[in-house]
Visitor: 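Okay, here's the structure, questions in a sec.
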Amino acid sequence: MMQNLSQEKIRELLDKKFADIEFELKTNVNPDILTGEVIGFLEAFLTMSLINTYEFGRYHRQYSDLKDKILKN
């Protein structure tokens, strides 16, 4: 059975994932693969009711902004 996770722990997990994604984008990993990975990760959190649809959209926008910023440089 999964432990109850606090909102702080969920944010920590998502922040770590985004730090990993940022590193992968900077090392020229295929951004389409990463986009699918991010969406899958967020969908899993949404399915487990660890985030709501608002947070899903916010994190997805955060990823899109990060990807655009890194790929433009």
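Computed over heavy atoms, backbone and side chain alike; hydrogens, waters and symmetry mates excluded. We're numbering straight along the sequence, starting at 1.
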Visitor: What distance separates Lys9 NZ from Leu14 CG, expressed to the nearest 0.5 Å?
Guide: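 Taking NZ in Lys9 and CG in Leu14, the distance rounds to 11.5 Å.
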Visitor: Between CZ of Arg58 and CG of Asn52, what distance do you get to the nearest 0.5 Å?
Guide: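 The CZ atom of Arg58 sits 9.0 Å away from the CG atom of Asn52.
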Visitor: Is the shortest heavy-atom distance from the side chain of Glu55 to the side chain of Gln7 under 4.5 Å?
Guide: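 SC-SC contact between Glu55 and Gln7 confirmed.
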Visitor: Taking all non-hydrogen atoms of both residues into account, name the closest pair between Ile10 and Leu50 and its distance.
Guide: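 Residues Ile10 and Leu50, closest heavy atoms: CD1-O, 3.4 Å.
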Visitor: Does one hydrophobic cluster hold both Phe18 and Leu71, with members joined at side-chain heavy-atom distances below 4.5 Å?
Guide: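 No, separate clusters.
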Visitor: Please report the interatomic distance NZ(Lys69) to CG(Asp65), rounded to the nearest 0.5 Å.
Guide: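 With rounding to 0.5 Å, NZ (Lys69) is 9.5 Å from CG (Asp65).
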Visitor: For Lys16, what residues pass the salt bridge (charged side-chain N to carboxylate O under 4.0 Å, His left out) criterion, not counting sequence neighbours?
Guide: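 With sequence neighbours excluded, Lys16 shows a salt bridge (charged side-chain N to carboxylate O under 4.0 Å, His left out) to Asp20, given in chain and number order.
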Visitor: Show the atom names and distances, to 0.1 Å, of all donor-acceptor pairs under 3.5 Å that link a side chain in residues 34-46 to residues at least two apart or in another chain.
Guide:
{"from": "Thr35", "atom 1": "OG1", "to": "Pro31", "atom 2": "O", "distance (Å)": "2.8"}
{"from": "Thr35", "atom 1": "OG1", "to": "Tyr63", "atom 2": "OH", "distance (Å)": "2.9"}
{"from": "Glu37", "atom 1": "OE2", "to": "Lys17", "atom 2": "NZ", "distance (Å)": "2.4"}

Visitor: Any side-chain to backbone donor/acceptor pair from Arg61 onto Gly57? Under 3.5 Å, distance only.
Guide: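 The answer is yes, because a donor-acceptor pair under 3.5 Å joins these two groups.
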Visitor: Return the OH to CG distance between Tyr59 and Asp15, rounded to the nearest 0.5 Å.
Guide: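 The CG atom of Asp15 is 5.5 Å from OH of Tyr59, to the nearest 0.5 Å.
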Visitor: If you round to the nearest 0.5 Å, how far is CD of Glu22 from OG1 of Thr27?
Guide: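 Going from the OG1 atom of Thr27 to the CD atom of Glu22 covers 11.0 Å.
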